[in-house]
> 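Would you mind keeping the following structure in view while I ask a few things?
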Amino acid sequence: MLYDNHGRKINYLRLAVTDRCNLRCFYCMPEEGIKFLKRQELLTYEEMERIVRVFAGLGINKVRITGGEPFVRKGLMGFLWKLQKIEGIDNLHLTTNGTVNTDTIAELKDLGIKSVNLSLDSLDPKRFFDITRRDCFEQVMATFEQLLKHEIPTKINMVVMNQQNTEDILPMIELTKDKNVSVRFLEEMPFNGAGARPQEELWNQAMIYNYLEANYPNLEKLPDPPHSTSKNYKIPGYRGSFGIIASYSRLFCGTCNRIRLTPTGVLKTCLYDGGVFNIKDLLRAGATDAQLTTALLEALGNRAKDGFEAEGKRDNNISESMASIGG
Ligand code: SAM
Ligand code: SF4
């Protein structure tokens, strides 16, 4: 078992396999001028597999594949099959924008994916386009239908943004009426490749909750699973559920069980830190598994207690794109 210096158990790795993406969600990256990584700067699939194997031996049992858009990296499905076979990894999950993988859903089911998070910020094609700057709404909805058809547990991630998509909040709740889906409303974070947005433009978790309660006074609190980042609810009689994620207010750090690996191999022990060390450099310098283990344990021994402390310890301000971290 892995524990950090605050006694929190660590069993969850978020692995970003690429920084590239076919969408340009404005809260994640600028429309133009993005410098994507060169291939040799990325961890190879073999390197990622080795890291996961070593981490699994230490107590990581849950892995989420993310990016960038994971499906724009060639060979992703083959990599997932390899991860699935690693002893100790019994919980493989995926986050995707759902634009390029409609035809992979049956195979995801076969390989035993535990759940898929589908990013969808609007149920209106025009607003979808305005947010993502790409005309891919139909593909995402087709992926959503496939996920439901194959009964893969699915969560929709919707970043709530003032004057962008707040009119989608209630239709998203209505989606849970007859579909077995969990919609999660996320606070926008400043990882947009440019820097902070004015605070008055942000909807925080309290605003989201108050809005929902005003419209659904009968909403019912659900128990939150251990380490859950969301506060979960449902409307009585509806099939699905919904949750609010205080991703910017950072209300869940006390039970955080996750670490992150960026596409370049930087280990992050908090979303808000500036990166702890580069595993790829260690690997390419010939590190043994024991040396990798030592480096990980040392990082966990110095983990910030929450996202505010992690941000405060950075030697630069947050300006990177979420696509270079994985969310
Ligand atoms: N491309 C995939 C996708 O969009 O699902 C995976 C990577 S994306 C970086 C992972 C998650 O981060 C998505 O659900 C996205 O909505 C969320 N995200 C990206 N930038 C964000 C931001 N600035 N604030 C809040 N969430 C953000
Ligand atoms: Fe791409 Fe996901 Fe970022 Fe949107 S949120 S630009 S889909 S990586």
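Both ligands and their constituent atoms are indexed starting at 1 by order of listing. Predicted model, so just to flag it, every value in this text is computed and none were measured.
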> Determine, considering heavy atoms only, which of Pro70, Ser119, Ala16 sits nearest to atom 13 (C) of ligand 1.
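Among Pro70, Ser119, Ala16, the closest heavy atom to atom 13 (C) of ligand 1 belongs to Ser119.
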
> Can you tell me if Met158 contacts ligand 1 (heavy atom of the residue under 4.0 Å from the ligand)?
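False for this residue.
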
> Do Ile325 and Tyr12 share a hydrophobic cluster, counting only Ile, Leu, Val, Met, Phe, Trp and Tyr and linking them when any side-chain heavy atoms are less than 4.5 Å apart?
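No, because Ile325 and Tyr12 fall into different hydrophobic clusters, even though each may have its own neighbours under 4.5 Å.
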
> Roughly how far, to the nearest 0.5 Å, is the SG atom of Cys21 from the CE atom of Met322?
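One finds 13.0 Å between CE of Met322 and SG of Cys21.
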
> At distances under 2.8 Å, what protein N, O or S atoms surround atom 3 (Fe) of ligand 2?
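Per the 2.8 Å query on atom 3 (Fe) of ligand 2, atoms found are Cys28 SG.
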
> Measure up the Tyr248 and Tyr272 rings against each other and bin them: parallel (under 30°), tilted (30 to 60°), perpendicular (over 60°).
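Geometry flag for Tyr272 against Tyr248: tilted rings.
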
> By number and element, which atoms of ligand 1 are closer than 4.0 Å to a non-hydrogen atom of Asn157?
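Near Asn157, the atoms of ligand 1 are 14 (O).
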
> Heavy atom to atom 8 (S) of ligand 1, shortest distance: which of Cys21, Gly67, Ala323 holds it?
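The nearest heavy atom belongs to Gly67.
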
> To check your reading of the model: name the closest protein heavy atom to atom 18 (N) of ligand 1, its residue, and the distance in Å.
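Among all protein heavy atoms, the one nearest atom 18 (N) of ligand 1 is Tyr27 CE1, 3.7 Å.
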
> Is it the case that one hydrophobic cluster holds both Val17 and Leu37, taking links as side-chain heavy atoms less than 4.5 Å apart, direct or via other members?
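In one cluster: no.
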
> Mind checking whether Thr96 contacts ligand 1 via backbone (N, CA, C, O), side chain (CB onward), both or neither, at a 4.0 Å heavy-atom cut-off?
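The part of Thr96 near ligand 1 is the backbone, not the side chain.
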
> Which ligand 1 atoms does Thr66 reach within 4.0 Å, using its non-hydrogen atoms?
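Counting from 1, the qualifying ligand atoms are 6 (C), 7 (C).
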
> Find all atoms of ligand 1 within a distance of less than 4.0 Å from any non-hydrogen atom belonging to Gly326, and give their numbers and elements.
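In order of number, 10 (C).
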
> Given the rule in the side-chain hydrogen bond (donor to acceptor under 3.5 Å, both in side chains) test, do Thr99 and Glu69 qualify, once you have shown the distances and angles that lead to the verdict?
CA-CA 9 Å; Thr99 57; Glu69 173 48 41; 5.5 Å; no

> Regarding Asp273 and Lys313, does a basic nitrogen lie under 4.0 Å from an acidic carboxylate oxygen?
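Judged by the 4.0 Å cut-off on N to carboxylate O distance, Asp273 and Lys313 do not form a salt bridge.
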
> Can Glu41 and Lys35 be counted as an ion pair, charged N to O under 4.0 angstrom?
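Judged by the 4.0 Å cut-off on N to carboxylate O distance, Glu41 and Lys35 do not form a salt bridge.
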
> Strictly under 6.0 Å, is that where the ring centroids of Trp203 and Phe185 end up?
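No, ring centres 6.0 Å or more apart.
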
> Can you list the atoms of ligand 1 that are under 4.0 Å from a heavy atom of Glu69?
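Contacts of ligand 1 toward Glu69, numbered from 1: 1 (N), 2 (C).
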
> Would you call Asp121 and Arg127 a salt bridge, using N to O less than 4.0 angstrom?
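No, Asp121 and Arg127 are not salt-bridged.
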
> Going through the distances and angles, do Asn97 and Asn22 end up as a side-chain contact (heavy atoms from CB on, under 4.5 Å)?
CA-CA 9 Å; Asn97 65 28; Asn22 56 327; 3.2 Å; yes

> Would you mind listing which atoms of ligand 1 come within a distance below 4.0 Å of any non-hydrogen atom of Gly68?
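Under 4.0 Å from Gly68, ligand 1 has these atoms: 1 (N), 2 (C), 6 (C), 7 (C).
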
> Below 4.5 Å, heavy atoms only, C-beta onward: do Ile65 and Leu83 meet side chain to side chain?
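They are in side-chain contact.
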
> Describe, in one word, how the ring planes of Tyr238 and Tyr216 are oriented to each other, choosing from parallel (under 30°), tilted (30 to 60°) and perpendicular (over 60°).
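Ring orientation of Tyr238 relative to Tyr216: perpendicular.
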
> For atom 24 (N) of ligand 1, what's the nearest protein heavy atom and its distance?
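Result for atom 24 (N) of ligand 1: Met189 N, 2.8 Å.
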
> My understanding is that we take every heavy atom of each candidate and find the minimum distance to atom 11 (C) of ligand 1. Doing that for Thr95, Thr132, Thr99, which one comes out nearest?
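Among Thr95, Thr132, Thr99, the closest heavy atom to atom 11 (C) of ligand 1 comes from Thr95.
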
> Kindly indicate whether a cation-pi arrangement holds for Lys221 with Tyr233, taking the cut-offs as under 6.0 Å to the six-membered ring centre and within 45° of the axis.
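Yes, Lys221 lies over the aromatic ring of Tyr233.
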
> For Glu187, take its heavy atoms, then give the atoms of ligand 1 lying under 4.0 Å from any of them.
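Those qualifying, in numeric order: 25 (C).
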
> Using heavy atoms and a threshold below 4.0 Å, how should the contact between Asn192 and ligand 1 be classified: side chain, backbone, both, or neither?
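The answer is neither.
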
